[in-house]
K.L.:
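To start, I am sharing the structure in question, which I have written as structure tokens.
Predicted model only: the values in this text are computed from it and were never measured. One-based numbering along the sequence shown.
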Amino acid sequence: MITEQHAHDSDAGLLDLTGRVTVISGGAGAIGQAITDRLAAQGASVMVNDLVTAEAAAAVLDPRCGYVQADVSEPDGAHATITAALQQFGRLPDVVCCHAGVVVDHPIHEMPLDEFDTAVRNNLRSAFVLAQAATKAWIAADRGGQLIFTTSWVQDVPWPGIAPYSAAKAAIKSLTRSYARELAPYGIRANAIAPGIVGAGMAQRQWDADPAYRARAERAIPLGALQTVESVADAFLFLASDLS
């Protein structure tokens with residue numbers, strides 16, 4: 001008979017990431033920091049990618065993590081990120097989190113085209129290019145791996161003002177399925193996490209300062225409260241672990 005305590009101990013062991021190497025793009029942002037902290041706390045060796053300087057990253061990241069400043073929407077930047085993990089930790093990453101993204105906010109009929117391009121490049125293209133770099137490295141090394149993409153609840157539910165972001169996240173949802181289906185024969189898995197409205201960054205600032213936004217957001221959230229960054233990090237931990 002397995003007691004409840006023994007079951008809990010077994011689950012805890014399955015969440016242990018000791019010996020695993022993880023890459024995360026956009027890891028210096030508020031949600032990215034929470035994900036990075038959770039994975040590192042469970043023993044993972046984490047290589048963080050972002051566009052901020054090394055000094056700025058060092059001020060917010062767990063000191064156990066590596067950092068590479070690179071634009072992963074470009075093949076050179078994505079390759080440099082995968083290579084940095086290999087060089088610092090001695091092996092290719094086991095998990096690559098395609099997390100980088102930005103939100104642009106304008107009414108759809110007034111959305112500047114350069115802002116549209118920014119949303120597509122920094123959400124969809126960056127996810128595709130980093131995932132492609134990782135899968136090429138895994139296939140060349142004849143080994144499997146795990147891709148985790150960050151989408152959003154707005155992939156399915158339009159939210160006023162952020163149409164290009166919503167469209168990019170919907171495309172990443174489809175992209176995840178394509179990576180999963182095409183690369184399964186190589187032992188490469190792909191999953192997506194779609195957070196709700198998270199209490200961080202612009203959403204938190206609008207929630208605190210804009211009563212109209214808060215009222216609209218509260219109607220959209222059945223529980224009436226913003227999702228915590230820790231809950232998003234826990235979802236990443238689950239997918240990165242043997243429990244998934």
Side-chain angles (χ1 to χ4, degrees), residues 8-72 77-101 126-127 130-131 133-135 137-138 141 143-151 188-195 198-201 204 227-244:
H8 288 170
D9 291 344
S10 176
D11 289 350
L14 290 172
L15 289 171
D16 183 9
L17 302 181
T18 301
R20 305 282 180 87
V21 175
T22 302
V23 163
I24 178 170
S25 62
I31 299 175
Q33 290 172 42
I35 297 168
T36 298
D37 289 347
R38 181 71 87 248
L39 299 181
Q42 291 299 123
S45 298
V46 184
M47 177 59 65
V48 178
N49 157 268
D50 214 302
L51 295 175
V52 301
T53 65
E55 292 75 16
V60 297
L61 294 176
D62 188 305
R64 293 171 291 184
C65 298
Y67 180 72
V68 55
Q69 181 184 9
D71 180 0
V72 294
H79 177 73
T81 298
I82 300 300
T83 300
L86 174 61
Q87 292 176 339
Q88 179 156 339
F89 302 124
R91 56 179 291 175
L92 288 172
D94 302 282
V95 180
V96 172
C97 303
C98 302
H99 175 71
S126 67
L130 180 59
T135 54
W138 288 329
R143 54 158 293 180
Q146 160 82 319
L147 297 170
I148 305 176
F149 294 90
T150 301
T151 59
I188 296 170
R189 297 189 296 138
N191 289 280
I193 293 173
V198 181
Q204 183 68 64
Q227 183 178 358
T228 66
V229 292
E230 291 79 14
S231 67
V232 180
D234 285 342
F236 274 83
L237 172 58
F238 164 74
L239 282 180
S241 75
D242 287 342
L243 280 175
S244 71

K.L.:
Quick one: are Q33 and V48 in side-chain contact, heavy atoms under 4.5 Å?
P.N.:
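Result no, sub-4.5 Å side-chain heavy-atom pair not found.
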K.L.:
List the residues meeting salt bridge (charged side-chain N to carboxylate O under 4.0 Å, His left out) with D37, not counting sequence neighbours, and say none if there are none.
P.N.:
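For D37, no residue satisfies salt bridge (charged side-chain N to carboxylate O under 4.0 Å, His left out) once neighbours in sequence are set aside.
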K.L.:
Let me have the donor-acceptor pairs involving side chains of residues 57-70, under 3.5 Å, with sequence neighbours excluded, atom names and distances please.
P.N.:
unit_1	atom_1	unit_2	atom_2	d
D62	OD1	R64	N	2.8
D62	OD1	R64	NE	3.0
D62	OD2	R64	NE	3.2
D62	OD2	R64	NH2	2.7
Y67	OH	D50	O	3.2
Y67	OH	V52	N	3.4
Y67	OH	V52	O	2.5
Q69	NE2	L51	O	3.0

K.L.:
Sub-3.5 Å donor-acceptor pair from the side chain of S244 to the main-chain atoms of A240, do we have one?
P.N.:
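Judged by distance alone, no pair lies under 3.5 Å.
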K.L.:
Strictly distance-based, threshold 3.5 Å: is any side-chain N or O of S241 a donor or acceptor partner for the main-chain N or O of L15?
P.N.:
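No; judged by distance alone, with no hydrogens or angles, the pair does not exist.
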K.L.:
What's the spacing between H99 NE2 and S126 OG if we round to 0.5 Å?
P.N.:
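One finds 10.5 Å between NE2 of H99 and OG of S126.
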K.L.:
Looking at residues at least two apart in the chain, or sitting in another chain, which of them share a salt bridge (charged side-chain N to carboxylate O under 4.0 Å, His left out) with R189?
P.N.:
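Salt bridge (charged side-chain N to carboxylate O under 4.0 Å, His left out) check on R189 returns nothing, list empty.
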K.L.:
Going through the distances and angles, do I82 and V96 end up as a side-chain contact (heavy atoms from CB on, under 4.5 Å)?
P.N.:
CA-CA 9 Å; I82 300 300; V96 172; 4.1 Å; yes
K.L.:
Distance from D71 atom CG to T81 atom OG1, nearest 0.5 Å?
P.N.:
9.0 Å
K.L.:
Under 3.5 Å, is there a donor-acceptor pair between the side chain of W138 and the main chain of P93?
P.N.:
yes
K.L.:
With heavy-atom distances below 4.5 Å as the criterion, would you say the side chains of F236 and V95 are in contact?
P.N.:
no
K.L.:
Taking all atoms of both residues into account, what is the closest heavy-atom pair of Q227 and V232, and its distance?
P.N.:
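Looking at all heavy atoms of both residues, the closest pair is NE2-CG2, 3.4 Å.
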K.L.:
Output the distance between atom CD1 (I193) and atom CG (L239), rounded to the nearest 0.5 Å.
P.N.:
4.5 Å
K.L.:
Closer than 3.5 angstrom, by distance alone: can the side chain of N191 be matched with the main-chain N or O of I148 as a donor-acceptor pair?
P.N.:
no
K.L.:
Could you grab the distance from atom OG1 of T83 to atom CG of L92, nearest 0.5 Å is fine?
P.N.:
8.5 Å
K.L.:
May I have all residue pairs that pass salt bridge (charged side-chain N to carboxylate O under 4.0 Å, His left out) and include part of residues 229-244, sequence neighbours excluded?
P.N.:
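Qualifying pairs, neighbours excluded: R20-D242, R38-D234.
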K.L.:
Quick one: side-chain hydrogen bond (donor to acceptor under 3.5 Å, both in side chains) partners of T151, sequence neighbours excluded?
P.N.:
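Only Q155 meet the side-chain hydrogen bond (donor to acceptor under 3.5 Å, both in side chains) criterion with T151.
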K.L.:
For F149, which residues count as a ring pair (Phe, Tyr, Trp, His ring centres under 6.0 Å) partner, sequence neighbours excluded?
P.N.:
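Residues passing ring pair (Phe, Tyr, Trp, His ring centres under 6.0 Å) with F149: Y179.
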K.L.:
Using every non-hydrogen atom in the two residues, find where A34 and A233 come nearest and quote the distance to one decimal.
P.N.:
O-CB, 3.4 Å
K.L.:
Nearest 0.5 Å please: distance from the CG atom of L39 over to the CG atom of L237.
P.N.:
6.5 Å
K.L.:
Drop me the distance from R143's CZ to I188's CD1, to the nearest 0.5 angstrom.
P.N.:
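It comes to 9.0 Å.
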